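To start, the structure itself, in C-alpha cells.
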Amino acid sequence: MSLLGGGSECSTGANPLAHFNKHAQEDTSLQQSLRNQPGQQRRMMLREENQMSMSEKQHMESFMRNDQTGAFSFQPMANELSNIHRHTPLANQNIQRGNQFNPQEFQQLNMRAESAGPGWTSEFSQSVSHSPAQLPSQQQQPSMMRSSLNRPLMGGMSSGFMMGRSAMSHAPGVHANQADAGRVVEVESMQQWEDTFKEYEAGLQGREDEPIEVNANIMDGAFEQVWDNIQETYADTELTNDEYQAAWEKDFEQYAISRMNYGKYAFEEQNQFANDPDAYEIGLKLMESGAKLSEAALAFEAAVQQNPDHVNAWLKLGEVQTQNEKESAGISALEKCLQLSPENLPALMTLAISYVNDGYDNAAYATLERWIQTKYPQIAQQARVENPDIEADDRVALNKRITQLFIKAAQLSPDVANMDPDVQTGLGVLFYSIEEFDKTMDCFRAAIGVRPDDALSWNRLGASLANSNRPEEAIEAYSRALQLNPNFVRARYNLGVSYINMGMYDDAIEHLLTGLSMHKVDGLEEIPDGMVSNQSTSLLETLKRALLAMDRRDLIDKVKPGMDADSFRKFLF
Amino acid sequence: MSFKTTAPLNGLAKALESDKALRSSSIKQADSVIQFVVKNKEGETKAWKLDLKEAGTLKEISEPSDADISIAVKDADLNKLINGKTSAQKLFMSGKLKVKGNVMKAAIVEKILQKAKPPKAKL
C-alpha cells in the first residue's frame, strides 16, 4: 500500500474514520491556499488530479462500452469495502486515495460546471438519489464521501457535483442490476459528463509535463491491479460475508451459477464420437466395459455438445473427469449439471468433494447443505424451526452446523442394513475438511460396509489414511480401489503422492506415468503438445516433484502438457 | 531455530533452480525482487530473498537487504499461505502480513509460493 501513499504507517490510525476526516481537512486547506498562492502546492494538486482523472476516465470508458468483465465489477468492491470497514487500519489508503481527489477536483469542475450549465448537475443529483439505495452494501461509501463534502467551504454547486460523482462511481453496479429508465438518464448524464471531462482533461494536459504523465500511468496500472486482485479473491471473501451467506440461503440456483464459477467446460477439439447420436449410451458402455476414462469423457462431451441440456451426460462427464484426475474440468461439468438441475443429488455430493479437494471448504459446506436439504428436507426444516437464527458465517461454525444436520440424518437409520452410505460419505467429507481423520475414516468405512465394491469409497478411505500419516495402509486402500477399477486415475495419483511421502520415488513416478498414459486415447491422431483442452496439472506437478526429489533435474523440462508417458520412461531407466 | 516454512521454501528453491518453465513463468509474472522476513514462535527471524527479477532464485539470506517488495509475516501464517489455508489478502487485511513496496505483487507472490505446497491426496 505504501506505493500509493508513501509510507506503510496506515496501521497507526486506530480509528479509520478519524483518519479519513483528517485527510479531507488537509485537502480542504490545500484548496484554500490555492486561491491565495499558486506555485508548488498547486502543482502537487494538479498531479493528483491528473492521476485520478486518467483512471476515472478509463473506468468511464469501460462503462460506456458496457464492459462488465474488466476492472469494473462493483459487487466485489462492495464486499471488499465492507471487509475494509471491518479491518480498516491496514486498508484505508485505498479509500483515502478515492477521497483525496474528490475535494480537490471539485473546484476545477466547478468552473467547468458553470459553463456546462446547471441542467446536468440536477440530473446528476437525480441519479444519485436512487443509485446508492439500490446497492445497500455500498451505502457506507457514499455516506462517507458526503460527510466530507458537507463542509461549509464547499457549498452551492459542489455538493450536487460531488454527489453526481459518487453516483457515477456506482453506475456500473447499478447498470448491472437495473435496466431501462433510470439507466437511460444516467447514461445521458454520463455522456455530458464525459464531454465536460474531456474538455477539462485537454485543458489540464497543456499544463502538465511529461514525467508526471508517466507517473500517473504507473499509478493507474497499479490501481487496475488492485481491482484484478480483488476480483481474483472474490470467491473466497464473499463466502465469509454474512449478507451473501443469507442471500445464498434464499437462492441456491444463483449461487450455483455465479459463486464458485469454474467457467465454461472446455471441450477437446478431436472427438471420435462428435457426430454419434448414441454418444451418451456409448459413454455408459465404455465405463462398464472398463475403457479409459478419457475415452468415456469424450463420449459424454459429444453427448452434451449435441444436447447442452442433457443433465445426466453433464453429471457423468463431471464424475468421469474427477475420477480421471481432471478436477477443474469435472467441477465445470458438475456446476453446469446443477445449473440445469439444481437438486441433482449425485452432482451435489461429487461437487462438494471436488470443492474440498480444491480447498474451497465454504463452497463445499454450502453444497452439502443443499444436498441434505434436498434428500432429508424434514431434518433441515426441523433445524430451522428449532433455531431460526442460525447464521453461521465462519468456516468452523458452518462446518459444525452442517455436520449436525448430517449426524441427524445418520441417526434416522441406526441399523447398518438401512444406512444411507451417502450420508456417511458426506459426513466423512465434513470431518476430512477439518482434519478429524479418525472420524473421517469411520464414516468412509461405514460407506464401504454398505458398498464394498465402490472404488471411490476405497480411494477416499485411502486419502484419509494418507493424510493422517499412515501411507502404508493408504496404499492398501488405493490398491483395492485400483483392483475394482484399474482406470481410476485419481487413485494412481494418490498412490504417487503416498510413495513420494514415503521417499519411494521410483514407484511414485511409475504410478504417475501410468496415470498420464491413461489420458491418451487410442485411435486418435497424435495430438500436438498443449493441444489437449483438459490437462491434469496435478499429475504433471507431482511428477516434477518426484523427479526433483530423486535429483533427476535433467528430465524436468520434459514434463509438460501433452507429454508421452511411454517415451518418457525410456529416459528414466 | 525451528521454522515450519523452511522445508517447503527449500523445496521451492530447488524447483526454481531446476525447472526452467517454472522459473521463466515466475519471472514473467513477478518481475521483482521479493524479500520475506519470517518470524517464528520463539521470536527468531529468518530472511529469504526471492529474486524474480533476473536470476529466478530463492535463497536464505543472513540479513534483510534491499528488495522491491519486503514482506514480514509469521512462520505459522506463511505456512498456512503456502498450504492454501489462507490467502495473502486475508492475512494482509487482518494485519498479519505486512508489505513494504508494491502490494499488488503480493497476490502473484502467493501463487508462486503455493508451488511449494506438498502434494496432497484427493478424495
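Proteins come first, then strands; the chains are lettered A, B, ... in the order of their sequence lines, and each starts at number 1. Quantities reported herein were computed from a predicted structural model and do not represent experimental measurements.
With rounding to the nearest 0.5 angstrom, the CG atom of A:D557 is 4.5 Å from the NZ atom of B:K20. Atom NZ of B:K122 sits about 4.0 Å away from atom CD of A:E325, to the nearest 0.5 Å.
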Check: For A:N459 and B:L123, what are the C-alpha separation, side-chain angles and deciding distance, and is it a side chain to side chain contact (heavy atoms under 4.5 Å, CB included)?
Finding: CA-CA 7 Å; A:N459 176 62; B:L123 289 175; 5.7 Å; no
Next item on the list: Report the C-alpha separation of A:N467 and B:K120 in whole Å, then their side-chain angles, then the decisive distance to 0.1 Å, and conclude whether the side chain to side chain contact (heavy atoms under 4.5 Å, CB included) test is met.
Entry: CA-CA 8 Å; A:N467 280 316; B:K120 200 178 164 225; 3.7 Å; yes
Next item on the list: Test side chain to side chain contact (heavy atoms under 4.5 Å, CB included) on B:L22 and A:E541 and set out the steps.
Entry: CA-CA 10 Å; B:L22 175 64; A:E541 295 290 320; over 6 Å; no
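When every heavy atom of A:Y478 is checked against every heavy atom of B:A121, the shortest pair comes out as OH-CB, 3.5 Å.
In terms of heavy-atom pairs under 4.5 Å with chain B, the best-connected choice from A:N357, A:I556, A:V497 is A:N357. With chain A as partner, the option from B:A15, B:S18, B:A88 having the largest number of non-hydrogen pairs under 4.5 angstrom is B:S18.
Within a 6.0 Å radius of CG in B:D66, other residues, nucleotides and ligands contribute 12 heavy atoms or fewer. The number of heavy-atom neighbours closer than 6.0 Å to NZ of B:K74, taken from other residues, nucleotides and ligands shown, is 12 or below.
Contact of A:S354 with chain B is not made at all, since no heavy-atom distance falls under 4.5 Å.
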